[in-house]
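See below for the structure under consideration.
One is the number of the first residue; the rest follow in order along the sequence.
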Amino acid sequence: MIGIPKQSDIPPRLLCDEMLARLARWLRAAGHDTLLEEDGHSDHHLVEQAVREGRVIITRDREMTQRRAIQGRVVLLDSDRLEDQVKTLTDQLGLDWCLAPFSRCMVDNTPVRPATPSEIARLPWQKPGVHAPFTVCPTCGRLFWKGGHTRRMLSKLQEWASRRPDK
């Protein structure tokens with residue numbers, strides 16, 4: 001269904017429809033440039049944005065695959081289960097689930113940067129499990145650090161990456 005070559009040197013830019021918020025966060029965690037369509041936008045708006053920005057649409061909407069403007073640039077997911085969605089994206093796009101882990105804000109998709117000393121000063125130092133390096137999203141200001149959740153998520157991303165056909 002998808003006309004994008006697998007294992008391209010340049011990973012595809014992605015656009016998830018509004019039903020796929022959880023998947024979009026995982027794609028961002030893996031380092032993929034992934035936008036999430038805002039609630040209430042029309043399919044027409046989604047298609048226009050994908051064409052304008054050269055993005056692959058990821059959707060659960062079967063009708064979306066019939067739109068001429070995005071022929072060959074849409075992946076239809078048949079399941080609500082995250083594991084099934086990951087398998088479909090791995091099979092159809094050859095996605096690397098360890099492309100650049102935790103290099104993007106999982107909320108707004110902006111690439112994160114190293115936090116400055118004044119930004120680090122905002123961290124809750126009393127919390128256990130707060131470890132360097134610290135990064136910040138320049139758009140929303142959220143601070144990130146390597147905690148237990150990061151290790152668990154990285155383990156899951158590595159598990160998914162090991163399932164790639166070229167591995």
Side-chain angles (χ1 to χ4, degrees), residues 4 8-61 64 70 73-75 77 80-83 85-86 88-90 93-161 164:
I4 298 169
S8 167
D9 290 340
I10 301 169
R13 299 174 73 211
L14 307 170
L15 176 56
C16 291
D17 72 21
E18 63 188 342
M19 297 182 284
L20 299 171
R22 181 175 181 213
L23 177 62
R25 285 190 300 271
W26 277 100
L27 287 162
R28 291 170 181 168
H32 290 281
D33 179 352
T34 306
L35 296 182
L36 177 63
E37 183 65 13
E38 295 178 25
D39 290 343
H41 280 170
S42 68
D43 286 354
H44 180 73
H45 180 269
L46 184 75
V47 170
E48 280 184 342
Q49 183 175 7
V51 169
R52 183 176 61 250
E53 298 178 11
R55 293 184 180 274
V56 174
I57 294 177
I58 302 171
T59 185
R60 297 250 315 118
D61 181 356
M64 185 70 68
I70 56 165
R73 298 194 59 81
V74 61
V75 175
L77 301 176
D80 284 330
R81 291 186 58 240
L82 181 63
E83 292 288 329
Q85 294 171 350
V86 166
T88 298
L89 292 176
T90 302
L93 297 177
L95 287 186
D96 181 355
W97 290 95
C98 289
L99 177 68
F102 309 109
S103 60
R104 292 186 168 273
C105 178
M106 289 178 35
V107 177
D108 63 30
N109 193 46
T110 304
V112 296
R113 63 167 171 73
T116 64
S118 63
E119 290 166 333
I120 294 170
R122 297 187 341 223
L123 286 171
W125 291 106
Q126 297 77 16
K127 281 188 121 176
V130 177
H131 304 288
F134 303 104
T135 57
V136 65
C137 174
T139 300
C140 70
R142 283 181 176 82
L143 292 163
F144 301 95
W145 59 88
K146 305 247 186 281
H149 67 289
T150 310
R151 287 186 296 278
R152 287 187 298 276
M153 289 179 75
L154 184 57
S155 176
K156 181 56 80 175
L157 292 170
Q158 289 169 337
E159 175 188 329
W160 293 340
R164 278 182 60 183

Non-neighbouring partners of Asp61 that pass salt bridge (charged side-chain N to carboxylate O under 4.0 Å, His left out), sequence neighbours left out: none

Any ion pair linking Arg28 and Asp108 (charged N to carboxylate O, less than 4.0 Å)? no

Testing the basics here: between Asp96 and Ala161, what is the closest heavy-atom pair and its distance to 0.1 Å? OD1-CB, 4.4 Å

Looking at Thr34, is its backbone amide N or carbonyl O close enough to the side chain of Asn109 to form a donor-acceptor pair, meaning the two atoms are under 3.5 Å apart? yes

Atom NE2 of His32 and atom CG of Leu93: how far apart are they, to the nearest 0.5 Å? 9.0 Å

Is it true that, when you exclude His149 itself, more than 12 heavy atoms of the residues, nucleotides or ligands shown sit nearer than 6.0 Å to its NE2? yes

Pairing residues for Trp26 by the ring-ring contact (aromatic ring centres under 6.0 Å, His included) criterion, not counting sequence neighbours: Trp160

Does the side chain of Leu95 reach to within under 4.5 Å of the side chain of Pro12, using non-hydrogen atoms? yes

Contacts of type side chain to side chain contact (heavy atoms under 4.5 Å, CB included), residue Gln49, not counting sequence neighbours: Leu15, Leu35, Glu37, His45, Arg52, Glu53

May I ask you to say whether Glu119 pairs ionically with Arg142, meaning some side-chain N is under 4.0 Å from a carboxylate O? no

Between CG on residue Asp43 and CD on residue Glu48, distance to nearest 0.5 Å: 11.5 Å

If the threshold is 4.0 Å, N to carboxylate O, is there a salt bridge linking Glu18 and Arg60? no

